[in-house]
Student: 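Once you've had a glance at the structure underneath, I'll fire off some questions.
So that the names make sense, note that chain A is the first sequence line, chain B the second, and so on, each numbered from 1. Below, each value reflects all heavy atoms present in this structure, side chains not excepted, and no hydrogens, waters or symmetry copies.
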Amino acid sequence: MRIGELSRRSGVSPELLRAWERRYGLLRPLRSSGGLRLYSSDDVDRVRLMREHMAGGLAAAEAAALAAGAVEGARHAQPALDLAALRSGLSDALDRFDEPGAQAILDALLGAATLESILSVVVLPYLHDLGARWERGTASVAQEHFASNVLRGRLLALGRGWGRGVGPLALVGCLPGERHELGLIAFALALRARGWRIAYLGADTPLDTVGEAARSLAPALIVLVSSTRKGVEESADPLRVLAEHHRIALAGTGARDVAAPPGVIVLTGDPVAEAERVTTIVGDGSA
Amino acid sequence: MRIGELSRRSGVSPELLRAWERRYGLLRPLRSSGGLRLYSSDDVDRVRLMREHMAGGLAAAEAAALAAGAVEGARHAQPALDLAALRSGLSDALDRFDEPGAQAILDALLGAATLESILSVVVLPYLHDLGARWERGTASVAQEHFASNVLRGRLLALGRGWGRGVGPLALVGCLPGERHELGLIAFALALRARGWRIAYLGADTPLDTVGEAARSLAPALIVLVSSTRKGVEESADPLRVLAEHHRIALAGTGARDVAAPPGVIVLTGDPVAEAERVTTIVGDGSA
Amino acid sequence: MRIGELSRRSGVSPELLRAWERRYGLLRPLRSSGGLRLYSSDDVDRVRLMREHMAGGLAAAEAAALAAGAVEGARHAQPALDLAALRSGLSDALDRFDEPGAQAILDALLGAATLESILSVVVLPYLHDLGARWERGTASVAQEHFASNVLRGRLLALGRGWGRGVGPLALVGCLPGERHELGLIAFALALRARGWRIAYLGADTPLDTVGEAARSLAPALIVLVSSTRKGVEESADPLRVLAEHHRIALAGTGARDVAAPPGVIVLTGDPVAEAERVTTIVGDGSA
DNA sequence: ATAGGTTTTGTCAAGCTTTTGTACAT
DNA sequence: ATGTACAAAAGCTTGACAAAACCTAT
């Protein structure tokens with residue numbers, strides 16, 4: 001806003017506002033191409049605060065120093081959308097086997113936040129937490145089954161049509177024995193958001209099955225997930241063979257600290273970040 | 001649409017619209033073969049947004065930057081499920097009599113969101129908006145008919161089989177003279193999602209027909225809708241009689257501020273919320 | 001009809017009708033042997049639509065483009081529905097790893113047929129056929145994985161919110177070792193269509209997990225599925241224990257010809273029919 | 001606080017083109 | 001029926017202008 005509007009909102013004359021700027025540096029407005037001062041709504045707060053301090057008896061110079069600093073501080077204390085609260089609400093609902101409640105929270109999330117932030121701030125941390133509670137024995141297997149199925153249904157629905165388009169094709173699946181497909185779906189969604197096409201094979205996919213599909217689809221990338229190191233080691237030989245003909249990425253906690261066959265990209269970070277990285281790698285190489 | 005129509009809809013003179021385009025790039029209309037500017041309905045929104053910002057005290061240049069940026073920004077930081085965009089897409093498709101386009105958007109919505117949120121965030125607001133436009137004369141009767149028929153077909157398809165099952169039975173219909181059944185269908189779907197069985201009588205149902213049906217079906221609840229107050233008042237006497245033998249709920253904007261006969265539940269809120277409330281009431285009473 | 005009649009019905013002068021034809025191609029009348037224009041009743045609609053659009057403020061050129069397109073669109077939108085053809089189309093699309101194609105067919109199905117008929121005429125026979133082809137070695141494991149995941153995502157989306165409501169609660173899951181959950185989902189959907197609430201535990205659920213969930217949810221029925229006889233036999237003992245406290249139904253081809261523990265309902269038919277039967281049994285008993 | 005100059009923005013005008021309904025001659 | 005013509009309405013571009021708001025400097 002320009003100086004007139006700021007004056008109206010704050011009750012301080014334009015001349016005085018300019019004086020405060022020159023003398024105390026209270027405000028640092030941007031300038032238009034013609035030189036007019038352009039203020040933000042923060043500046044209104046700053047000016048109001050300054051007036052309050054002066055009404056409280058402070059000298060102008062002191063009031064300005066306080067007002068300039070205070071608004072900076074307040075800025076950091078305001079969360080836009082309370083993702084943390086929604087995450088714990090989701091967690092509670094799923095623990096209670098409350099499917100409608102969980103769906104309602106997911107609706108709210110999907111309508112208000114980006115897919116990526118939902119994945120990396122809500123869903124993936126929730127899964128991680130559920131896994132930890134399961135190991136400590138404070139979450140039951142039934143809760144884990146129930147929650148997985150609710151989330152899986154929802155995430156798969158978001159992937160509807162992910163095979164369509166003109167982007168590079170990613171063939172995605174879990175290594176044999178691996179049953180946790182939520183991380184894989186999250187990864188596939190993150191790839192999809194970057195323009196990839198997805199062919200989804202799901203949980204517990206034998207490697208010769210992957211090979212079969214790869215022969216007929218000729219994907220630009222094969223993504224395999226395993227949450228256990230053992231799963232990766234047991235598949236080491238067929239992986240090596242597969243890697244001779246296709247570009248392969250290996251993800252999941254099981255892929256860490258494993259000697260990957262040559263040519264296999266190891267993805268150790270979170271799905272969203274790694275999807276970005278893989279997109280860069282493949283994009284540079286092939287396009 | 002051409003500049004004159006945009007001017008009429010937005011309340012901004014053609015000269016000014018051209019000036020805003022030249023100076024701030026607020027709009028980027030297509031051109032006809034002869035060079036005339038052709039605008040979309042998005043542009044109406046943009047201009048309205050600009051005027052709102054100016055009414056809020058912003059200078060034209062800043063207001064334009066915000067209005068143009070709002071669309072850009074929405075595109076960049078897209079929520080996973082952009083309900084607002086889908087709603088306006090639906091609105092555009094129906095305005096254009098583009099039935100396949102509308103169906104595709106409904107497909108996408110049904111795949112990704114809960115029926116409830118689709119009803120309360122997309123369909124019902126759309127109906128409300130259509131009604132408002134119709135009153136202002138900016139929507140034609142043909143458009144309203146077309147849109148109603150597409151939505152009614154789709155929603156009724158979702159209700160297919162809603163009479164089956166084990167839940168309490170709701171007998172639903174419109175009061176005599178009432179022809180807008182979409183709100184009623186939405187209400188019935190929300191009840192169905194809560195386990196009710198539905199017997200659907202549709203638009204413009206004489207009350208003795210309702211009485212007959214009620215005698216043979218013994219419903220746990222009769223839901224009647226009227227969008228006009230007059231409709232409710234004219235049916236006051238037979239309603240009173242019906243209420244002696246059955247539990248009745250009265251919904252629709254016509255039900256507001258009306259002296260309801262004793263024993264009649266008046267539902268003034270949106271269908272989804274009221275379906276929840278009614279379910280609680282009846283659930284407490286009977287189960 | 002000739003141009004005079006069309007003019008009378010549509011309220012547009014013959015000269016103007018000819019101008020619209022020449023300029024915008026709005027109508028393409030047949031010609032009599034003498035060269036007179038011959039119109040169909042569709043053309044009346046087109047002209048009326050054009051006038052509606054113009055009344056709505058659109059310029060003639062734009063109105064004509066919309067009117068000509070809308071009638072085209074409406075024509076394409078009503079092909080009769082051939083379930084058998086759609087089923088084989090679905091099968092082909094899934095065999096080809098063509099996810100978008102499969103989704104489009106599912107869209108068409110869901111828009112035009114009841115869920116029940118889709119399940120019993122398309123999805124379940126398709127699964128049966130896929131199993132048979134797999135045994136004969138004419139379908140690959142990769143195809144089966146891919147198809148299962150597409151269908152599972154779609155069916156789970158249809159079940160969204162199935163935990164809500166006032167109906168009896170069914171706790172559903174696959175027996176340990178059982179990985180084919182599509183039949184289970186179909187069964188759950190058929191129950192839901194009859195007013196049941198569903199708590200879904202998914203594939204490969206340990207029986208103590210089921211017991212845990214049952215203790216906290218107190219379901220009216222527990223549904224367990226197994227496609228192999230071996231799965232049932234191995235779980236015989238814990239099943240007996242579970243049956244002492246809960247009403248249990250056992251479904252899937254594995255449930256046939258097995259000596260069921262006392263009190264366990266054995267469901268040997270197709271999911272839709274058996275859902276009906278179970279609803280009758282439980283409905284008679286409790287309501 | 002004032003003076004004198006600058007920027008911003010809504011409006012208008014002139015001269016020409018496009019669009020579109022109607023009319024007329026063949 | 002066809003083709004052409006015509007005129008009113010609406011639109012385009014360029015350019016200008018004046019009031020309001022804002023700038024710097026004194």
Side-chain angles (χ1 to χ4, degrees), chain A residues 1-9 12-23 27 29-39, chain B residues 1-39 47 50-51 53-55 57-65 67, chain C residues 2-7 10-39 47 50-51 53-55 57-65 67:
Chain A
M1 85 197 67
R2 306 212 291 229
I3 202 169
E5 180 64 17
L6 175 62
S7 165
R8 230 164 295 133
R9 293 198 195 177
V12 177
S13 76
E15 291 77 11
L16 189 48
L17 287 171
R18 283 192 281 257
W20 283 353
E21 174 185 330
R22 179 166 24 91
R23 292 178 191 144
L27 304 174
L30 297 174
R31 296 291 184 134
S32 77
S33 60
L36 274 62
R37 290 171 174 82
L38 297 177
Y39 299 92
Chain B
M1 84 196 69
R2 304 212 294 228
I3 202 169
E5 180 61 18
L6 175 62
S7 167
R8 231 163 294 133
R9 292 199 196 176
S10 64
V12 176
S13 76
E15 290 79 12
L16 189 47
L17 287 171
R18 283 192 283 257
W20 283 354
E21 175 185 329
R22 176 167 24 95
R23 291 175 182 155
Y24 318 120
L26 177 67
L27 304 174
R28 302 187 170 281
L30 297 174
R31 297 290 185 133
S32 77
S33 59
L36 272 61
R37 291 171 173 82
L38 297 177
Y39 299 91
V47 174
M50 166 128 184
R51 292 197 69 195
H53 280 138
M54 292 186 73
L58 286 190
E62 278 63 54
Chain C
R2 302 214 295 241
I3 200 168
E5 179 62 17
L6 175 61
S7 168
S10 63
V12 177
S13 75
E15 290 79 12
L16 188 48
L17 287 171
R18 283 191 281 260
W20 283 353
E21 176 185 329
R22 176 169 23 96
R23 289 176 183 154
Y24 317 119
L26 177 68
L27 304 174
R28 301 184 173 282
L30 297 173
R31 296 297 183 130
S32 75
S33 57
L36 275 64
R37 290 173 172 80
L38 297 177
Y39 297 91
V47 175
M50 166 125 184
R51 293 196 67 196
H53 278 138
M54 293 186 71
L58 286 189
E62 277 63 52

Student: In this structure, how many angstroms lie between the P atom of D/dT9 and the CD atom of A/Glu5, rounded?
Tutor: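 Whole-Å distance recorded here is 13 Å.
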
Student: What is the distance, rounded to the nearest whole Å, between atom CD of B/Glu21 and atom C1' of E/dG11?
Tutor: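 Distance, rounded to whole Å: 12 Å.
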
Student: How close or far is atom C1' of E/dG11 from atom CG of B/Leu6, stated in whole angstroms?
Tutor: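 Result: 13 Å.
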
Student: Who pairs with B/Ala61 by side-chain contact (heavy atoms from CB on, under 4.5 Å), at least two apart in sequence or on another chain?
Tutor: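 Partners of B/Ala61 under the side-chain contact (heavy atoms from CB on, under 4.5 Å) test: B/Tyr24.
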
Student: I'd like to compare against my own output: the B/S/- annotation of nucleotides 17-25 of chain D with a strict under-4.0 Å heavy-atom distance to protein.
Tutor: -SSBBB---

Student: Starting at CZ of B/Arg51 and ending at C1' of D/dG10, how long is that distance when rounded to a whole Å?
Tutor: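 One finds 13 Å between C1' of D/dG10 and CZ of B/Arg51, rounded.
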
Student: If we fit an axis to the first five pairs and another to the last five of the helix from D/dA1-E/dT26 to D/dT26-E/dA1, what angle do they make, to the nearest 10°?
Tutor: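 Here the local axes at opposite ends form an angle of 20°.
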
Student: On a heavy-atom basis, which atom in B/Leu26 and which in B/Ala67 lie closest, and how many Å separate them?
Tutor: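 Minimum heavy-atom separation between B/Leu26 and B/Ala67: CD1-CB, 3.8 Å.
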
Student: Roughly how many Å is it from CG in A/Leu27 to P in E/dC23, rounded to a whole number?
Tutor: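 Nearest whole value for this atom pair: 12 Å.
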
Student: How long is the line joining CG of B/Leu17 and P of E/dA10, in whole Å?
Tutor: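 Whole-Å distance recorded here is 16 Å.
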
Student: Using the test salt bridge (Lys or Arg N to Asp or Glu O under 4.0 Å), find all partners of A/Arg9 that sit at least two apart in sequence or belong to another chain.
Tutor: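 Scan of A/Arg9 (salt bridge (Lys or Arg N to Asp or Glu O under 4.0 Å), adjacent residues dropped) gives A/Glu5.
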
Student: Check whether any side-chain nitrogen or oxygen of B/Arg8 sits under 4.0 Å from OP1 or OP2 of E/dA10, and answer yes or no.
Tutor: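 It does not, given that no N or O in the side chain of B/Arg8 lies less than 4.0 Å from OP1 or OP2 of E/dA10.
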
Student: Tell me, please, which residues at least two apart from C/Arg37 pass salt bridge (Lys or Arg N to Asp or Glu O under 4.0 Å).
Tutor: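 Once residues adjacent in sequence are excluded, the partners of C/Arg37 under the salt bridge (Lys or Arg N to Asp or Glu O under 4.0 Å) criterion are C/Glu21.
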
Student: Among all residues two or more places apart in sequence or in another chain, which pass the side-chain contact (heavy atoms from CB on, under 4.5 Å) test with C/Ser32?
Tutor: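 side-chain contact (heavy atoms from CB on, under 4.5 Å) check on C/Ser32 returns C/Leu36, C/Leu38.
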
Student: Testing the basics here: between C/Ala60 and C/Met54, what is the closest heavy-atom pair and its distance to 0.1 Å?
Tutor: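 In terms of heavy atoms, the two residues are closest at CB-CE, 3.9 Å.
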
Student: Please identify each residue that fulfils side-chain contact (heavy atoms from CB on, under 4.5 Å) with A/Arg22, with sequence neighbours left out.
Tutor: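 Partners of A/Arg22 under the side-chain contact (heavy atoms from CB on, under 4.5 Å) test: A/Ala19.
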
Student: What residues form a salt bridge (Lys or Arg N to Asp or Glu O under 4.0 Å) with A/Arg2, not counting sequence neighbours?
Tutor: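 Checked A/Arg2 against salt bridge (Lys or Arg N to Asp or Glu O under 4.0 Å); zero matches.
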
Student: For A/Met1 and E/dA21, give me the distance from atom CE to atom C1', rounded to whole Å.
Tutor: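 Between C1' of E/dA21 and CE of A/Met1: 16 Å.
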
Student: Taking only side-chain N and O atoms of B/Arg18, does any of them lie within less than 4.0 angstrom of OP1 or OP2 on E/dA10?
Tutor: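 Checking E/dA10 against B/Arg18, no side-chain N or O comes under 4.0 Å of OP1 or OP2.
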
Student: With A/Arg18, which residues qualify under side chain to side chain donor-acceptor pair (under 3.5 Å), at least two apart?
Tutor: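 For A/Arg18, no residue satisfies side chain to side chain donor-acceptor pair (under 3.5 Å) once neighbours in sequence are set aside.
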
